[in-house]
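Working notes for the structure below.
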There are 2 protein chains.
Amino acid sequence: MTGQVRTVDGRVAGRRGQATRQKLLDCLSEMLSSSPYRDVKVIDVARKAGTSPATFYQYFPDVEGAVLEIADQMAAEGAGLTELLQGRSWVGKSAWQTSQELVDGFLEFWRKHDAILRVVDLGAAEGDKRFYKLRMKILNSVNNSLADAVAELQAKGKVDKDVNPAAVAGALVAMLAAVASHQKGFQSWGVKQAELKPNLALLVHLGVTGKKPTK
Amino acid sequence: MTGQVRTVDGRVAGRRGQATRQKLLDCLSEMLSSSPYRDVKVIDVARKAGTSPATFYQYFPDVEGAVLEIADQMAAEGAGLTELLQGRSWVGKSAWQTSQELVDGFLEFWRKHDAILRVVDLGAAEGDKRFYKLRMKILNSVNNSLADAVAELQAKGKVDKDVNPAAVAGALVAMLAAVASHQKGFQSWGVKQAELKPNLALLVHLGVTGKKPTK
DNA sequence: CACTTGTCCTGTCATGCCGTCAGCTTACCG
DNA sequence: CGGTAAGCTGACGGCATGACAGGACAAGTG
């Protein structure tokens, strides 16, 4: 699946090369967590990795290219989010638990990768295809599962016909992502994180089933 | 309220000065719509405005500073979003209409200012206080009105006690903002914009009232 | 052990943007 | 008309970018 790792000028990277390449990615990742995207410079990343800017350019066309790489690695991990919904029930009490666990897992994932996800979000919003395809890849697992759940309830007549499962699922996922990105905003707004989660779970439950949860 | 407009080195700006200042802001705004935030350079903005980089630095400390200025002007306009909710009813049929109009108005506002709002969102997510205070200022009108609506229904016993109005309102607003930013994502996902709106309105209605709308 | 081969890294360079300052031009006012 | 403050810019040192050629290094070969 993953073709050989190659340098910009076409050589195949060996053990040592892949190591420095990865180190550069790690340092870039760290850099993104501590300073604004706009101010992340190749030279800083290189210095942090104990190497030179020229080395960076051997492995990546630019900062954006490297970010895409990191995001791609993360997307693989993001596929694991499916487990939050695989085989879960959306009926009765267990639906409430499913909602809670989804919110929990999703927020945790986003918090863990917030720095890189910010950049992906920006790129996607700016209309860069590479970024929004990546964003879809990351969110697909959750999105599809949610849409399936809605569609299934709809087939059983428990959800109105005129609901569009994909639209509702997408909106809910977008909500979770946005809230995760701006948790600090909520805090300075008088909403504690502990209070936030159940309310998000409530909205998810309402969105999927159309009913209030039975707790 | 608004103190005199001043240059970076303390002079007060006259008519001509304010004009070039505004021209720089307009050009920056345009620039942000057409190229990624990371690639917007002072020199390009200056060139587009038919002036020199030095002039830019006379009025703004850096690109970020100028963006804050633009966003501030927009925040004033954002206060007008309150009208989407002022004096509206959240009972019966009119609740459904209120939801629809809120979604419509909000998406329109976001679409109109998407370039600058992307940057504000990024700044806020990165934890920059100036940006997330600004973001709150923009969203406050809608957010407060929504929270009030929920609190009111709660007081009447129509919404569960354990719902946190501020949390629900914040999450719904975040959802609308996120969906507006990533509409293209939805399209390439098989959801048309026309289908999207009613589903968003549905989620808003569910979130505020806890019930399905009566149409 | 020399020799070869291909990977890996860096010194160096031209280019271009950043951010500042001194100094010039323009407008206003008595 | 002269004084004063606003308004603008050329020019400059400093730094990041991105490309290249060449040197260091590891591994295999005879």
Side-chain angles (χ1 to χ4, degrees), chain A residues 2-32 34-70 119 123 130, chain B residues 2-28 30-32 34-69 119 123 130:
Chain A
T2 64
Q4 277 179 314
V5 179
R6 286 185 175 275
T7 58
V8 167
D9 54 334
R11 283 204 316 281
V12 291
R15 265 191 302 280
R16 194 153 72 106
Q18 291 196 28
T20 50
R21 193 184 129 99
Q22 190 57 48
K23 182 159 199 176
L24 283 168
L25 288 178
D26 293 344
C27 289
L28 171 56
S29 226
E30 215 172 310
M31 215 92 213
L32 284 172
S34 58
S35 41
Y37 178 48
R38 200 168 195 284
D39 298 342
V40 170
K41 307 290 178 194
V42 169
I43 198 170
D44 296 324
V45 177
R47 264 202 281 264
K48 200 178 185 78
T51 177
S52 82
T55 303
F56 182 95
Y57 286 107
Q58 200 158 38
Y59 293 107
F60 312 102
D62 50 23
V63 174
E64 222 180 45
V67 166
L68 278 166
E69 192 71 22
I70 298 176
V119 181
R130 298 171 302 170
Chain B
T2 63
Q4 276 179 313
V5 179
R6 286 183 174 276
T7 58
V8 168
D9 55 336
R11 284 203 312 280
V12 291
R15 266 191 302 280
R16 192 152 72 109
Q18 291 195 28
T20 50
R21 194 184 128 99
Q22 190 57 48
K23 182 157 197 176
L24 283 168
L25 288 178
D26 292 344
C27 290
L28 172 56
E30 214 172 311
M31 214 93 213
L32 285 172
S34 60
S35 42
Y37 179 46
R38 200 170 196 281
D39 298 341
V40 170
K41 308 288 179 195
V42 169
I43 199 169
D44 296 324
V45 177
R47 267 201 279 263
K48 201 180 185 77
T51 177
S52 82
T55 302
F56 182 95
Y57 286 107
Q58 202 160 38
Y59 294 107
F60 312 103
D62 49 24
V63 174
E64 223 182 43
V67 167
L68 279 166
E69 193 72 22
V119 180
R130 298 170 302 171

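Here is how names work: the chains are called A, B, and so on, in the same order as the sequence lines, proteins then strands, and each is numbered from 1. Any value given below was found using the heavy atoms of this structure, including those in side chains, with hydrogens, waters and symmetry copies removed.
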query: With a 4.0 Å cut-off on heavy atoms, is B/Tyr59 in touch with a base, just the backbone sugar-phosphate, or nothing at all?
result: sugar-phosphate
- request: Scan B/Arg21 against the nucleic acid and name what it touches under 4.0 Å (heavy atoms): base, sugar-phosphate only, or nothing.
  value: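 No contact.
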query: For the pair made of CD in A/Gln18 and C1' in D/dA26, what is the distance, rounded to whole Å?
result: 16 Å
- request: Please report, rounded to the nearest Å, how far the C1' atom of D/dA16 is from the CZ atom of A/Arg47.
  value: 10 Å
Using nucleotides 25-30 of chain C, report all nitrogen or oxygen pairs with the protein that are shorter than 3.5 Å.
from	atom 1	to	atom 2	distance (Å)
C/dC28	OP1	B/Arg15	NH2	3.3

Would you indicate, yes or no, if [N] has its OP1 or OP2 atom less than 4.0 angstrom from a side-chain nitrogen or oxygen of [X]?
X: A/Arg6; N: C/dT7; answer: no
X: A/Thr20; N: C/dC8; answer: no
X: B/Thr51; N: D/dT9; answer: yes
X: B/Ser52; N: D/dC8; answer: no

To the nearest 0.5 Å, what is the distance between [atom1] on [X] and [atom2] on [Y]?
X: A/Arg21; Y: A/Glu69; atom1: CZ; atom2: CD; value: 4.0 Å
X: B/Gln58; Y: B/Ser52; atom1: CD; atom2: OG; value: 8.5 Å
X: A/Asp39; Y: A/Met31; atom1: CG; atom2: CE; value: 10.0 Å

- prompt: Which one, C/dC9, D/dC8, C/dC17, comes nearest to the side chain of B/Thr55?
  reply: D/dC8
message: Quick check: do A/Thr20 and A/Thr51 have side-chain heavy atoms less than 4.5 Å from each other?
response: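 No; the side chains remain at least 4.5 Å from each other.
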message: Are B/Asp26 and B/Gln22 packed together at the side-chain level, in the sense that at least one heavy-atom pair is separated by less than 4.5 angstrom?
response: yes
field: Among A/Tyr59, A/Tyr57, A/Phe60, side chain to side chain contact (heavy atoms under 4.5 Å, CB included) partner for A/Thr7
entry: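 Of A/Tyr59, A/Tyr57, A/Phe60, side chain to side chain contact (heavy atoms under 4.5 Å, CB included) with A/Thr7 is met by A/Tyr59 alone.
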Output a table of nitrogen or oxygen pairs between the protein and nucleotides 3-6 of chain C separated by less than 3.5 Å.
none

Strictly under 3.5 Å: I want the nitrogen or oxygen pairs between protein and nucleotides 19-24 of chain C, one per line.
from	atom 1	to	atom 2	distance (Å)
C/dG19	OP2	B/Tyr57	OH	2.6

Nearest heavy atoms of A/Ala46 and A/Leu24, plus distance in Å: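 That closest heavy-atom pairing would be CA-CD2, 4.3 Å.
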